[in-house]
Structure formats: C-alpha cells, structure tokens
Amino acid sequence: MAKFNRYLITAALPYANGPVHIGHLAGCYIPADIYVRYLRAKKADVKFIGGTDEHGVPITIRAMKENTTPQAIVDKYYKIINDSFEAMGISFDIFSRTSREIHHKTSADFFLKMYNDGLFETRESEQYFDEVKQVFLADRYIIGTCPNCGNERAYGDQCEVCGRTLSPEELINPRSALSDAVPVKRKTTHWYMPLQNYEPWLKEWLLDGHKEWKNNVYGQCKSWIDSGLQSRAMTRDSNWGIKVPLPDAEGKVLYVWFDAPIGYISATKELTPNWADYWCKEDTKLVHFIGKDNIVFHCIIFPSMLKAHGGFVLPDNVPANEFLNLEGEKISTSRNWAVWVDEYLQDFPDQQDVLRYVLCSTAPETKDNDFTWKDFQDRNDNELVGNLSNFVYRTMVLMHKLCGGKVPPIHADVKDDKDDAVLPMLQAAKQKIEDALENYRFREALQEMMNVSREGNRYLQEKQPWILAKTPELQAQNQAVIDNCLHMCLQITANLAIFANPFMPFTAKKICHLLKVVDRMLEWENAGTLNLVKVGYSLRAPEMLFTKIEDEKIKAQVDKLQATKAAAAPAANGTPAPAKDAAPAKEAVAPKAEIQYDDFAKLDLRVGTIIQAEKVEKADKLLKLLVDIGTEKRTVVSGIAMHFKPEEIVGKQVTLVANLAPRKMRGIESQGMILMAEDNGKLVFVNPAEVVAPGSGVS
RNA sequence: UGCGAGGUAGAGCAGAGGUAGCUCGUCGGGCUCAUAACCCGAAGGUCAGAGGUUCGAAUCCUCUCCUCGCUACCA
C-alpha cells in the first residue's frame, strides 16, 4: 500500500448510442464507485474518471438510419447516461465525453507523437465500399446469404443463425446494410500499430508482473500474447471521429479503440491542471474497471499505446467483471431485454441503494450471473429490511423507550463478555472489509458489512433489554445493563454507517441523520471504534431505512419485460429477426428543454373531425385526410397508414395543430398536423374524452 | 474451429490434497423491542459426467458435456 500515493480510477466509457442498464452498473460502475468511495473515506488522493465514448461506426449508422446527425445522437445519450449515473450516486470526479475539443487535441497529439517516433506502419488494403452512401463498410455492415445455413441476413463477420464466423467474401449475394447497394472493393490506406513489437515487453510486464490479476483477465491476456500479436489498424475511413492529424488524411479518423481509452487522459486534463501527477508519476495506482468484453483493449492494446508513447503510468490492475444476465437471458439492448437505469429510477424513486446493494451482492465477479426481480425483492425484504434496517430501527426504538431518547452511558461495573465482544467484532469486520475491497472482492466485502448488522441483531437478542425493563423493582440495577446494551447498539449502528458508505452512500447518510452526526464521521479511520456517538446526545425519532417492496411492483417489472418479448415475437416467425440491425426498440425519453407559457401559447390546437381519408399513392405510410375544424376544412397528410385503414377513421375526432406552417408531402400540401400518442410502436389518436363541436380550441 | 473463464444444497457464492462451508429461501422451535421482522435448531450435496494418480480427490491429470467471452473491421 505504501507504494502508492495517489489513485486514478477509471470506469469504461459507455458507448453513447443508448442508455445504461443494470448490466453496466453491476459489471463496472458500481464496483468502481465502491472502490472510489472507500478510498476517499480513507482520505486517499483519488480521481474517478468517466465519460461517454461518442465515436465509432455504429453511431454514424444509427444517425443515417434515423435521418439525423451523429452529434444529435450522442448529445441525447450523453445527457441520459450522465443523469443516470448522477442519480445512482456513481461519484465520478468528472464525466466527460470524447467529442470534446480537449479530447480531440489530446488524442491527435498522442497519435502524432507515436507517428513522429516512427511507431506506425502504413498499409494499403482493399475494403468494401458502399457507393450509394459513399462510406466504407465494416464487415458487420455487409449482409448476405450464409454459405453454411442459407440465412439471408447473415453479417459479414458472422451468421447469427448458425453461429459460423464469416468473412464478407463468403457471403452469397452481399449487399450493404445501409443502402442495399452491392459493395465494391476499394483501396484504402491506414496506419497500423505493430503490436508484435510489444510482445516481449507485455510478457514481462503483464504475464510475469501481474500474476495477481483475476483469472478471467489474466487467462485471456495470456492466450492473446501466447498466440502471437499482429499489427492492428489504428485508423478508419469515416468522417465521424478524430481526424487523423496528418496531411493527405482526408476522410480518415482514429479508430475508436485508439481514441476511447485516451479519453481517460483527456478527461483528467479537463478535471485538473495537475492531471500529469495522476498519469505520469510512478507512485500513482491506475485501475481500470471494465466488463469482460473490453479485456484485450485495456490490458494489451492501451498499455502498449501508453508504453509506446512513453511517460505514462500503466494500469496496476484491471478487475474486469463477467456479464449479468436478466431473468435467465442475456441482456440485449436491441431486443430491449434490459432494466434501464433511467427507468428504474422512475419506477423506484429514492431506492438507489437497493439496486446498488442487489447488484453488488450478485455482481458477476467470477462468472456470469443472473438478475431476477424475485431475487431483487427477496434481497431487499430479507436482507436490507429484515436485517440491516430492522437492527437500526429496533436500536432506535429501544433507545427512545428505555433510555429517554439519549445516548446512554457505559457502566463499567456491569459490563459483561457480550459487551466486551463488540469492539473486537467491529475491528475484525473492518479488517475483513478492507482486505476484500483492496482485492476487488466486493461481494465478500458487502457480506462482511451485513454480517456486522447480523451480529448486532444477535447481540440485542441475547441481551434482551426489553425483558430487563419489565421488572420495575430491579430498575436501578437493570438500567445499567440496558444502558450498556443500547450504547453498544448505537455504536454498532454508527459503525454500520461507515461500513455501508462505499456500497450504500444514501443509507449511510440517513444513519448519520438519525444519529445526528456529521458526514465526517464516515471517514474510514473512525470504523472499529466505540466513541462515534457521544453519551447524552439526544437522537432523532426512529425511521426505517428500507421498506418492503410490494409484489405488484415486482410483477409490473416482470410484465414489462415479458411484454417486450411478446412485441418481438411476431418478427421472430417468418424471416429471422434482424436483432442487432434493428433500431433499438427503446426510445429513451429525454425531457425537452423548459419553455415559457408564451411558447406554449403560440400553438393553435383545435379539435376537428375527419370527414375524408384516402391512401396517398406511392407512399406506404401516408394518409390524406380532410379534417373539418368548423370554420374550414383542412387537408392534412399524416404518416399513419401503417396503423389505420382509411375507412375506419372517418368520423373520428382528432386534435389538430392548426397553425403549423404548411408543408408539401408527395405533392400534397398538408395544412396541419394531427396529434398521436405512441405506445411501444402503436399509435393512438389524442382526442377529447367526449365529442365536442368541430373547431373547439384546446389549451 | 481455436483459446480463455466458469459449472459446488432451491438461489447466490466460498473452499485449491485430509470430516463440504457461508448468506438467502424451506421446515421445526423460541422471543415480542422491532413491518410475520429478530434469535436458535434441522433438513437439503454421488462438488457437471466418465476415467486415472493417491492411503485419501470438489481440489492434481486425461477425455466428454453445458454456459459465457474472445477469435483481431461491432464497440
């Protein structure tokens, strides 16, 4: 421990094309946050770095499909992701983004330094090109018929139906996933990093020097290194990303896996002018928290880059976690099989610590694990409510009933073995939690913390102060025993706040509030002592730290998941579901910017009746409607043909935006817009609950 | 296909040659300060399967099966 004087902790940069889900939290962000909070409690000099990864081909493709810009996509998800982390108490010192100027400069400089030192080789290769969209295509974005099983939607790198690994050449009838065009080969030049040159060094630094790394991490690295490394392209053909800082490099950007980890450096620069202390001094302990899919990049490629560039510290550890499943199935963003953090926060307000607790205790530290809502409820009800919350509550209640609401004194003359055992128990727990945390065994640390509460309950049960209080004739001597017991219970409660703080910071603060102590009590050095609450202090009224979760709430969550399955089912029969290719089923709802009443008042909303409806020729989605708004009849073109037949909507009342600037669609001028509610892809008319006169205003 | 990690009680995990353990659930009992919470006790395992080494194997070796990841242009 003495070896390091400061800590630099990073958590994988989430990719900004979707919100974060519980798998992200369990695998990476919660362990990282626990570690960081523990270090801060020990008053260590620590910086916790995070941010979104905003480059890469998938974002550009998504933008193309949604007819928007990559920037719009990353802006949207940066906000959602950042808000989710903040609300969950993931205590980043900075949560930056790789689209920021400082990152562009840092990455470009990093590349340039390596370039100037002659550490890249250039190679020309032939890549598939989409002539319609004018972009190079990654293998993944070429679709064709699988030569093995005949699946017509096999990807250029793999067939999802038979699992066979493919190359685009093998596909029968290959076409671009973006435009359906037949891809052509085109020559392109890229800068490669010869990773094989770093092999001897990697063997020494990683294989010999870091045998203490987790099995899954070490094993995978060893396998890569032993099988021989190759040159790897560090640039791509794209116009979204960090421009290659060289002449004649138009249309070339840095490979996202080159720039993303440099994001840790840029974010630190953005955070503090002393960034170099954290990145360049040998007495800094750098730890990367990631999921198992990121192992080679963080353990082999990025360290090789740092080594090649020179002047940077290398990771001391990369405690990668495995994956979290959900109700027995893999979490899937595209199939919407996930518990989204932003939705959890809405559905379970102020219950961040429940999720933090459950995800930590079921974290996939050594193998993939399963999250189920039933387990979530059980752990909350049995462990948090039954054990922890209950101990604190009964301590507070008894203290009020039997000790006048004040911290009772210790009476040395009646102290017994059980009282004396409390201090060593707390000290042993502190030691065990420290050992576990410093070795990245978070589940174990959490269990030790809960064990303290369990010991507290047992102690209280053995002393039975409520029995002693029932014999008034012995009041004088019994009160001393009661005092000792509750004094100890209160000290245990205070210790619990310190122990719980890294895992459940919101709960730790609640305990501080109950005990009327300041947050500084949570400093780690205070753990394992018995002078945290002062004799004679009057404390607050008892409060439950956690409450049971009703069955209906759990059922609602399970139903919500099952509904996504049902929604996906029709696509599954017939043609194979284009799972990853489909636009994510979830449209996260980012709240729009606040507006003033005047902005709202500009809208002219009116109720109208549809008096005519017909399909627009050569357009699958459009219906041409004639809407009667009392004073006049408006022609409106509406994109609802997939949802309604013309004949079934004639006579319906609708809400019309009457002062929207007219717009021509398919040659027809649309004079307004009809309000629709969207429920998971299903459209529903927004109209008055009762029929009103055509032209009635809406406000 | 190859490589890596994992497979231990209903669930989640620990144990790395010497009597299979912890938390939760289940069952039985106790208690009443505490939200049927708390405390005590019990049941529940051919340690994925097969073979081998050994006085002795969950643990070491060989083979097989299952899950997940990586397999170098998904990020």
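The structure displayed is predicted, hence computed values, not measured ones. Labels below follow one simple rule: chain letters A, B, ... track the order of the sequence lines, proteins then strands, and each chain is numbered from 1.
For B:rA14, one of the phosphate oxygens OP1 or OP2 lies less than 4.0 angstrom from a side-chain nitrogen or oxygen of A:Arg443. For the OP1/OP2 pair of B:rC40 and a distance below 4.0 Å, the side-chain nitrogens and oxygens of A:Arg458 include at least one atom meeting the criterion. Listed pair A:Thr366 / B:rA14 meets the phosphate criterion, a side-chain N or O lying under 4.0 Å from OP1 or OP2. Regarding contacts with the backbone of B:rC74, every side-chain N or O of A:Tyr141 stays at 4.0 angstrom or more from both OP1 and OP2.
With hydrogens and angles ignored, a donor-acceptor pair under 3.5 angstrom links the side chain of A:Gln127 to the base of B:rC73. For A:Arg394 against B:rC33, a side-chain-to-base donor-acceptor contact under 3.5 Å is present.
Using a 4.0 Å heavy-atom distance criterion, A:Gly456 is classed as making no nucleic acid contact. A:Phe546 comes within 4.0 angstrom of a nucleotide base, judged by non-hydrogen atoms across all strands. Nucleic acid contact for A:Asn382: sugar-phosphate only, since backbone atoms but no base atoms lie under 4.0 Å from a heavy atom of the residue. Heavy atoms of A:Glu383 sit under 4.0 angstrom from primed sugar atoms or phosphate atoms, though from no base atom. Among the atoms of the strands shown, base atoms are found under 4.0 Å from some heavy atom of A:Met544. A:Val296 comes within 4.0 angstrom of nothing in the nucleic acid, heavy atoms only. Using a 4.0 Å heavy-atom criterion, one finds that A:Thr547 contacts the bases of the nucleic acid, with or without backbone contacts as well.
Residues A:Gln464 and A:Asn390 each lie close to RNA chain B; by heavy-atom proximity, the contact nearer the 5' end of the strand is made by A:Gln464. Comparing A:Ile467 and A:His190 against RNA chain B, the residue whose closest nucleotide sits nearer the 5' end is A:Ile467.
Distance noted for atom P between B:rG18 and B:rU64: 28 Å (whole Å).
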Evaluate the criterion side-chain contact (heavy atoms from CB on, under 4.5 Å) for residue pair A:Phe391 and A:Leu496; output intermediate values, then yes/no. CA-CA 10 Å; A:Phe391 171 69; A:Leu496 274 171; 3.7 Å; yes

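Across B:rC39, B:rC24, B:rC74, the shortest atom-to-atom separation from the side chain of A:Asn457 is found for B:rC39. You'll find that the side chain of A:Asp53 is closest to B:rA75, out of B:rA75, B:rG7, B:rG69. With B:rC73, B:rC74, B:rC33 as the choices, the nucleotide that has an atom nearest any side-chain atom of A:Asp139 turns out to be B:rC73.
With a 3.5 Å ceiling on both atom-pair distances, the Watson-Crick or G-U wobble partner of B:rC22 is B:rG12.
Other residues, nucleotides and ligands contribute only 12 or fewer heavy atoms inside 6.0 Å of the CG atom of A:Asn239.
For the contact set between residues 211-222 of chain A and RNA chain B, defined by any heavy atom under 4.0 Å, the members are A:Asn215, A:Asn216, A:Gly219, A:Gln220.
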